[in-house]
Amino acid sequence: MKDLRSLALEVRDGRLRILDQTRLPFDEAWVAVEGPDHMVALIRALSVRGAPLIGVAAAAALAAFAESGVGGEALRAALAELRQARPTAVNLMWAMDRMGAVLAAGGGAAALAAEAEAVFDEDVALCEGMAAQALGLLGSGEAVLTHCNSGGLATAGIGTALGAIRRGWEAGRIVHVYADETRPLLQGGRLTAWELGKLGIPHTLLTDSMAALLLREGRVTRVLVGADRVAANGDFANKVGTYGLAVQARHHGVPFHPVAPWSTVDLACPDGAAIPIEARDGDEVRGYGPWRWAPAASPAYNPAFDVTPSALVTSLILDRAVVPGEELGRGALAKLGG
Ligand code: MRU
């Protein structure tokens, strides 16, 4: 594989490393990926996370495995394991199916490496495409609220929603960013705040429960969020809490936009009810890291994502178009894909 570098993934001299996102913002620790099993564990632990990045990382891990001399059944088994490391973000399946097609066509290590490089490079371009589309609808003096982390840590490029926010700020249209902390795993507090700080973008952190008040106070002009899977009718899954934010934004008349690359659109999924939602361990709700604040015996509900119906979407910002919410339910995505 050629050398690749993004905020949280690096290939150098054929060796793959990832920035361990569970240790941010305090430690910027890079981890050498030992093989596909290791990558599966890193994805499950959210050391590598964000819908596009897990696809990119899994493709790079598979290519590196092939380059180490592994082939045949072992490679196919590794692909199958990687493909099911997390169930909701369709970018993972999309990337693995691309690698699978190369394998099925008889491609070897060089072809797999070329495909992994293409997945990486395309994601960088898709991010810029989304940001360019978003710029077309931003006004001036915008104050944007976002949820979870959808930036350079979640993609190979500048990000989805956070990439659009970054370009919007650079263009002088966005003046402030509000970042939801994002319970339970704090991707907003740990990761988005870290990225915004590094970029010098003025921001304010809030707990998820403060968003409704912020919206009522009129301090937010627009909500931009990422997506892990967009169904054919525009319903979409994103980090749990997104649905509540969409309801609140609608109630307060604030425009609400998911921002996603085409690799996140799943036309085979008719609507939100068909999107598989990852259930995670209750310990993530009862505490964080070494800290515990709830009785170990208390059952906890921990869906990693929720589904926002397209009826709550003002418009969906893709890399190739901005689709008005009312057109999503009328087959607009299928037409774009055709
Ligand atoms: O569980 P995570 O941290 O992988 O969830 C990430 C999100 O929900 C993002 O908003 C999503 O992947 C889309 S943005 C790249």
Side-chain angles (χ1 to χ4, degrees), residues 1-4 6 8-22 30-123 154-156 228-229 237 261-269 274-281 284 304-305:
M1 244 180 311
K2 72 177 182 185
D3 286 357
L4 301 168
S6 71
L9 181 145
E10 179 189 80
V11 177
R12 202 193 309 160
D13 301 329
R15 280 192 292 277
L16 173 62
R17 298 195 310 152
I18 59 100
L19 178 63
D20 185 351
Q21 298 192 37
T22 64
W30 286 82
V31 177
V33 180
E34 306 300 344
D37 290 349
H38 189 203
M39 180 53 85
V40 168
L42 292 167
I43 290 173
R44 292 206 172 121
L46 271 57
S47 295
V48 184
R49 51 149 297 283
L53 190 67
I54 60 178
V56 168
L62 196 76
F65 200 40
E67 283 182 329
S68 74
V70 177
E73 197 41 50
L75 207 53
R76 277 189 288 277
L79 187 148
E81 278 303 305
L82 284 163
R83 196 179 186 282
Q84 59 189 25
R86 290 188 80 189
T88 304
V90 75
N91 308 63
L92 176 61
M93 296 85 195
W94 173 85
M96 287 300 91
D97 291 346
R98 286 180 59 156
M99 299 297 275
V102 172
L103 267 180
L112 289 167
E115 193 66 10
E117 291 163 12
V119 167
F120 182 101
D121 291 340
E122 283 171 32
D123 190 53
T155 64
D228 282 76
R229 190 183 301 226
W262 192 254
S263 51
T264 302
V265 175
D266 184 2
L267 293 176
C269 209
I275 300 177
I277 298 296
E278 176 183 4
R280 292 186 64 90
D281 198 292
E284 294 178 348
F305 302 95

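In this text, all values refer to a predicted model and were calculated from it rather than measured experimentally.
Taking the side chain as every heavy atom from C-beta outward, Met96 and Met99 approach each other to under 4.5 Å. Glu122 is not listed as a side-chain neighbour of Glu117, based on a closest heavy-atom distance of 4.5 Å or more. Counting heavy atoms from C-beta outward, Trp94 and Val119 have side chains that approach closer than 4.5 Å. For the pair Phe65 and Leu75, the minimum side-chain heavy-atom distance is below 4.5 Å. Side-chain contact check for Leu82 versus Met39: some heavy-atom pair is nearer than 4.5 Å.
When atom types are taken as modelled, the side chain of Arg15 and the backbone of Glu10 share no donor-acceptor pair closer than 3.5 angstrom. When atom types are taken as modelled, the side chain of Asp123 and the backbone of Thr155 share no donor-acceptor pair closer than 3.5 angstrom.
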TODO: Using the side chain to side chain contact (heavy atoms under 4.5 Å, CB included) rule, take Leu267 and Val265 through it: C-alpha gap first, then chi angles, then the decisive distance, then the call.
DONE: CA-CA 6 Å; Leu267 293 176; Val265 175; 3.9 Å; yes

TODO: Please assess Leu19 against Leu9 for the test side chain to side chain contact (heavy atoms under 4.5 Å, CB included), listing each intermediate value before the final yes or no.
DONE: CA-CA 6 Å; Leu19 178 63; Leu9 181 145; over 6 Å; no

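Few gaps surround CZ on Arg44; more than 12 heavy atoms of other groups in view lie less than 6.0 Å from it.
Between Asp13 and Lys2, none of the side-chain N atoms (NZ, or NE/NH1/NH2) sits under 4.0 Å from a carboxylate O, so this pair counts as no salt bridge. Ionic pairing of Asp3 and Arg12 is not present here: no N-O contact between side-chain nitrogen and carboxylate oxygen is shorter than 4.0 angstrom. Using a cutoff of 4.0 Å between basic side-chain nitrogens and carboxylate oxygens, Glu81 and Arg83 are not scored as salt-bridged.
Atom CG in Leu92 sits 9.5 Å away from atom CZ in Arg229 (nearest 0.5 Å). Distance check, rounded to the nearest 0.5 Å: CG of Asp228 to OG1 of Thr88 gives 6.5 Å. Rounded to the nearest 0.5 Å, atoms NE2 (His38) and CD1 (Ile43) are 11.0 Å apart.
Considering Asp20, Val48, Leu16 in turn, Asp20 is the only one that fulfils the side chain to side chain contact (heavy atoms under 4.5 Å, CB included) rule with Val31.
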